[in-house]
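Presented below is the structure to which this report refers.
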Protein chains: 2
Amino acid sequence: MQLQAKYVILGLLSTRTMSGYEIKKSFEGDISFFFDASYGSVYPTLNKLEKEGLIVKTTIVQTDRPNKHEYAVTEAGKEALSDYMKGPLIEDQVRSDLTMRLYFGQKAGESEMAGWIRQGLEQHRAKLAELILLMEEHQAHMPRSTKLSLQYGIDYHQGQVNALSRLLEQLDS
Amino acid sequence: MQLQAKYVILGLLSTRTMSGYEIKKSFEGDISFFFDASYGSVYPTLNKLEKEGLIVKTTIVQTDRPNKHEYAVTEAGKEALSDYMKGPLIEDQVRSDLTMRLYFGQKAGESEMAGWIRQGLEQHRAKLAELILLMEEHQAHMPRSTKLSLQYGIDYHQGQVNALSRLLEQLDS
DNA sequence: TTCGCCATGTAAGAGGTTACATGATTTA
DNA sequence: TAAATCATGTAACCTCTTACATGGCGAA
């Protein structure tokens, strides 16, 4: 059992109407610390949700850019999300190539390991900076729960940065 | 692109021979902080790797328990793993139902949110205790890289516990 | 005597990725 | 003028999960 795109999309649309493109941007940005999926997952899922009557589509004609489809949650959609929230909590899932390489990497040289760690550090630092910016910019008009969650994301990436920094120091010593 | 069972299994078998059952136990235990997969993934993957000549099977006949198949990496397998390690590092993937619920959970009551956080706390505390025990027990005969990685896992879970504790405090205030 | 552990495996299907197709506008 | 952004979508494929099937031994 794992967290599905379906419910994350329903969650996003419960905060405001969005297009598939915007949803994917959200996956890459403000939500990236707990979910991501590709366009090939986003668009088919939106169509499926629409057929199930959980969301409705409005086409917005734009002259300067491609038309877009804005989706909004229906009452049935809200109920589906709330039912999901009443169900059992799914355990966090992590897949980390970096950690695997460190775990099995005694044959790889220490300089290679240091390289991987530095790459990981950069990735987590970038995400951290992004989330902090988001927090500062939108702090005023964010529900409390969202702020808590964002704080959690910031703590997560900060924790990773700290852990990886410590690893680098230990490697050098 | 995501970290596949194939390479994690190859990695595990590069440290010692193992059966499918033992591999799954490892997924749930010492490796759970960076990978997990079901039996339905483990056994077919082992068969596939064998057909590709990357691992070899030895059947061990046991009278008191079911027979088991012990797998060992071949030279070709070692090379495949090392080739993989030379390839580009895959970014960490996280899917967290807990975080999603917090993010979208302004409609859920605060007591519900607190409940989810407590469940998450318990899960991370349990994993943390497990990894610390592992570290203490096997410290002496672990390669340095494995120790570093385990330390990383401990730091990860400790970080989660800290972050979640802070969230709980903020909820109560 | 029931439950958990040991131990392997398969079939069906869900859920996802990758790569492709299209194309105008804006920014560097 | 090249690259990034906006914007949607599909088809083929891959990986993994779920549920099922089987069965003996040891502990509570």
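Predicted, not measured: the structure shown is a model, and the values here were computed from it. So that the names make sense, note that chain A is the first sequence line, chain B the second, and so on, each numbered from 1.
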Salt bridge or not between K86(A) and E112(B)? Use side-chain N to carboxylate O under 4.0 Å. no
Separation of Y7(B) atom OH from dC14(D) atom C1', in whole Å? 13 Å
Distance, rounded to the nearest Å, where I60(B) contributes CD1 and dC6(C) contributes P: 16 Å
Lys/Arg cation over aromatic Y21(A): K25(A), 6.0 Å, 45° cone: yes
Mark yes when over 12 heavy atoms from residues, nucleotides or ligands other than E75(B) sit less than 6.0 Å from its CD; otherwise mark no. no
Contact check, side chains of H138(B) and K147(B), non-hydrogen atoms, under 4.5 Å: no
To the nearest angstrom, the CD-P distance between Q93(B) and dC16(D) comes to 11 Å
Provide, to the nearest angstrom, the distance between the OH atom belonging to Y43(A) and the P atom belonging to dA7(D). 9 Å
Just how far, in rounded Å, is C1' of dC16(D) from CD of Q4(B)? 11 Å
Check every strand shown and say whether G20(B) touches a base, only sugar-phosphate, or nothing at a heavy-atom separation below 4.0 Å. sugar-phosphate
Are there any protein N/O atoms within less than 3.5 Å of an N/O atom in nucleotides 1-6 of chain D, and if so, which ones and at what distance?
{"unit_1": "dC6(D)", "atom_1": "OP2", "unit_2": "Y21(A)", "atom_2": "OH", "d": "2.9"}

Measure CD/Q2(A) against P/dC16(D) and give the value in whole Å, please. 11 Å
Between S41(A) and A5(A), what is the shortest heavy-atom contact and its length? OG-CB, 4.0 Å
Starting at CD of E28(B) and ending at P of dA7(C), how long is that distance when rounded to a whole Å? 14 Å
Given salt bridge (charged side-chain N to carboxylate O under 4.0 Å, His left out), test E122(B) with R118(B) step by step and report yes or no. CA-CA 6 Å; E122(B) 264 171 59; R118(B) 282 201 195 90; over 6 Å; no
In a table with atom names and distances, give each donor-acceptor pair under 3.5 Å that connects a side chain of residues 161-169 of chain B to protein atoms at least two apart or in another chain.
{"unit_1": "S165(B)", "atom_1": "OG", "unit_2": "V161(B)", "atom_2": "O", "d": "2.7"}
{"unit_1": "R166(B)", "atom_1": "NH1", "unit_2": "D155(A)", "atom_2": "OD1", "d": "3.2"}
{"unit_1": "R166(B)", "atom_1": "NH1", "unit_2": "D155(A)", "atom_2": "OD2", "d": "2.8"}

Can you check the D64(B) CG to dC5(C) C1' distance for me, whole Å? 12 Å
Quick one, K48(A) and K51(A) - any side-chain contact, counting heavy atoms below 4.5 Å? no
Regarding T45(A), tell me which of base, sugar-phosphate or nothing describes its non-hydrogen contacts under 4.0 Å with the strands shown. nothing
Any side-chain donor paired with an acceptor under 3.5 Å for T17(A) and E70(A)? yes
I need the residues from residues 30-38 of chain B with at least one non-hydrogen atom less than 4.0 Å from DNA chain D; give them sorted by number, or say none. A37(B), S38(B)
Answer yes or no: does a side-chain N or O of R95(A) lie under 4.0 Å from OP1 or OP2 of dC16(D)? yes
Both A5(A) and K57(B) contact DNA chain C. Taking the nearest nucleotide for each, which residue is further toward the 5' end? K57(B)
K48(B) side chain: which of dT10(C), dT8(D), dT15(D) is closest? dT15(D)
